[in-house]
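Since we're looking at a predicted model, the values are computed, not measured.
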Amino acid sequence: MTATTVTSNRTTAATGGTPALVVVAHGSRDPRALSTVRALLDRVRALRPALPVHLGHIELNEPLLPDTLAALGDGEAVLVPLLLSRGHHVERDIPELAAASPARTRVAAPLGPHPLLVDALHARLLESGWPAHAGPDHAVVLASAGSRAPASRTDTSRTAALLAARLGVPVLPAYASAAAPTVPEAVRTLTARGYRRVAVASCFTAPGRFATQCATAAPWLASAPLGTHPAMARLLLHRYDRALEGDGESNGPQGARGESTCGSAAWARPATTNAALASGPHPAHA
């Protein structure tokens with residue numbers, strides 16, 4: 001197979017039999033987001049140097065996902081959403097863009113919920129000043145972008161439950177847009193229940209408007225976005241590997257149009273119909 005690597009405005013060729021990893025980011029007007037995502041992909045490449053790793057955006061930044069996939073030709077690729085729960089982008093936009101490309105693709109689960117995501121959330125809280133042993137007056141608001149999709153709220157609630165189990169304190173999910181409660185509302189709820197030390201855990205992949213907005217609502221401390229934490233790089237590779245195994249990970253969409261039942265060999269072919277990507281029972285919009 002001949003794969004291509006899209007870097008800035010140029011395309012370089014890479015040859016090998018390994019399906020490419022295409023990390024699908026949302027895109028942001030904040031320039032820090034793009035630099036953070038590129039640095040995260042560098043971490044992924046350092047962990048697995050032989051793997052062709054590419055970046056494609058849904059909107060706002062280049063390279064856009066259709067351009068990244070077009071550069072791959074009819075090669076094989078696994079699309080891993082750099083998103084933290086299910087939502088319209090994971091269940092509709094990414095599969096439809098993949099179906100319109102000549103590449104033979106699989107779409108992996110988004111990044112959450114997963115213990116590696118909780119590893120990164122926990123580490124960022126510790127970096128912000130969260131104590132190693134929290135007291136009975138400590139609690140956390142898990143701040144996420146939000147989505148109108150019920151599955152997205154379900155996934156964020158599952159991540160909150162995993163983080164609560166890790167920290168041993170209540171963790172209340174909240175949203176920057178499109179869902180309730182908002183971060184200020186969640187802070188007020190926890191304060192009314194007697195929690196005097198309420199932290200905001202930033203469940204965002206990179207800096208941006210929503211992350212900044214949520215951090216300003218923190219009455220005590222707020223963690224940084226997940227960014228280039230090593231657990232995020234490992235989680236991207238985990239989702240890639242599980243998609244290759246073809247075992248239908250329970251919390252993510254699996255397969256694609258024209259897929260056979262041949263396990264890891266079942267690659268989506270260029271679309272000739274409007275067959276939709278099948279969704280599994282669980283994750284991602286962020």
Side-chain angles (χ1 to χ4, degrees), residues 22-28 56-59 65 78-99 105-118 120-121 140-166 171-183 185-186 201-206 208 210-211 214 225-226 232 235-236 238-240 242-243 245-257 259 268 274-286:
V22 176
V23 176
V24 185
H26 181 276
S28 172
H57 293 92
I58 296 169
E59 60 181 355
L65 180 57
V78 175
L79 279 58
V80 180
L82 188 61
L83 302 170
L84 304 178
S85 67
R86 283 171 295 179
H88 187 82
H89 290 318
V90 167
E91 296 183 338
R92 293 290 302 277
D93 291 340
I94 296 173
E96 288 176 0
L97 290 171
T105 61
R106 288 180 179 272
V107 179
L111 302 188
H114 195 276
L116 283 169
L117 178 59
V118 175
L121 287 165
V140 172
V141 173
L142 181 68
S144 178
S147 169
R148 284 183 288 273
S152 177
R153 295 191 291 276
T154 297
D155 294 342
T156 303
S157 295
R158 290 178 178 177
T159 297
L162 289 171
L163 183 60
R166 178 75 59 87
V171 176
L172 187 61
Y175 306 94
S177 69
T182 65
V183 172
E185 288 169 346
S202 183
C203 195
F204 298 97
T205 57
F210 283 166
C214 292
L226 302 168
M232 296 293 285
L235 183 49
L236 285 167
H238 170 74
R239 293 303 197 205
Y240 169 88
R242 292 299 295 268
E245 290 166 7
D247 54 82
E249 184 153 2
S250 63
N251 63 341
Q254 184 71 21
R257 71 242 181 259
E259 179 172 316
N274 292 323
L277 182 84
S279 289
H282 180 89
H285 172 20

Please test Val78 against Thr105 for side-chain contact (heavy atoms from CB on, under 4.5 Å), starting from the C-alpha separation and ending with a verdict.
-> CA-CA 6 Å; Val78 175; Thr105 61; over 6 Å; no
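- Taking CD1 of Ile94 as the start and NE2 of His26 as the end, the distance is 9.5 Å to the nearest 0.5 Å.
- Side-chain contact between Leu235 and Arg239 is present, with heavy atoms from C-beta onward closer than 4.5 Å.
- The salt bridge (Lys or Arg N to Asp or Glu O under 4.0 Å) check on Glu185 picks up nothing, with sequence neighbours excluded.
- Residues Pro173 and Thr156 come closest through the heavy atom pair CB-CG2, 3.9 Å.
- Shortest non-hydrogen contact noted between Val107 and Pro95 is CG2-CA, 4.5 Å.
- Closest non-hydrogen pair, Tyr175 versus Gly146, comes out as CD2-CA, 3.6 Å.
- Rounding to the nearest 0.5 Å places CG of Leu97 at 11.5 Å from CZ of Arg92.
- Ala25 pairs by the side-chain contact (heavy atoms from CB on, under 4.5 Å) definition with Val37, Leu55, His57, Leu82, not counting sequence neighbours.
- With hydrogens and angles ignored, the 3.5 Å screen pairs no side-chain donor or acceptor of Arg106 with any backbone N or O of Leu79.
- Here the options are Asp93, Ile58, Val90, the test is side chain to side chain contact (heavy atoms under 4.5 Å, CB included), and the partner is Pro81; only Val90 passes.
- Between the side chain of Arg153 and the main chain of Ser147, a donor-acceptor pair closer than 3.5 Å is present.
- Remark: Pro115 engages no residue in a side-chain contact (heavy atoms from CB on, under 4.5 Å) (not counting sequence neighbours).
- Screening Leu84, Val140, Leu142 for a side chain to side chain contact (heavy atoms under 4.5 Å, CB included) involving Leu121 leaves a single residue, Leu142.
- For the pair Ser152 (side chain) and Arg148 (backbone), a donor-acceptor distance under 3.5 Å is absent.
- Atom CG of Leu163 is separated from atom SG of Cys203 by 9.0 Å, given to the nearest 0.5 angstrom.
- In this structure, CG on Asp155 lies 9.5 Å from OG on Ser144, to the nearest 0.5 angstrom.
- Among residues two or more places apart in sequence or in another chain, the side-chain contact (heavy atoms from CB on, under 4.5 Å) test is passed with Ala211 by Ser202, Phe204, Pro225.
- In this structure, the side chains of Leu111 and Leu116 stay at 4.5 Å or more apart for every pair of heavy atoms.
- Nearest heavy-atom pair, Ala109 versus Val80, reported as atom, atom and distance to 0.1 Å: O-CG1, 4.2 Å.
- In this view, Ala164 and Val171 satisfy the side-chain contact (heavy atoms from CB on, under 4.5 Å) rule, not counting sequence neighbours.
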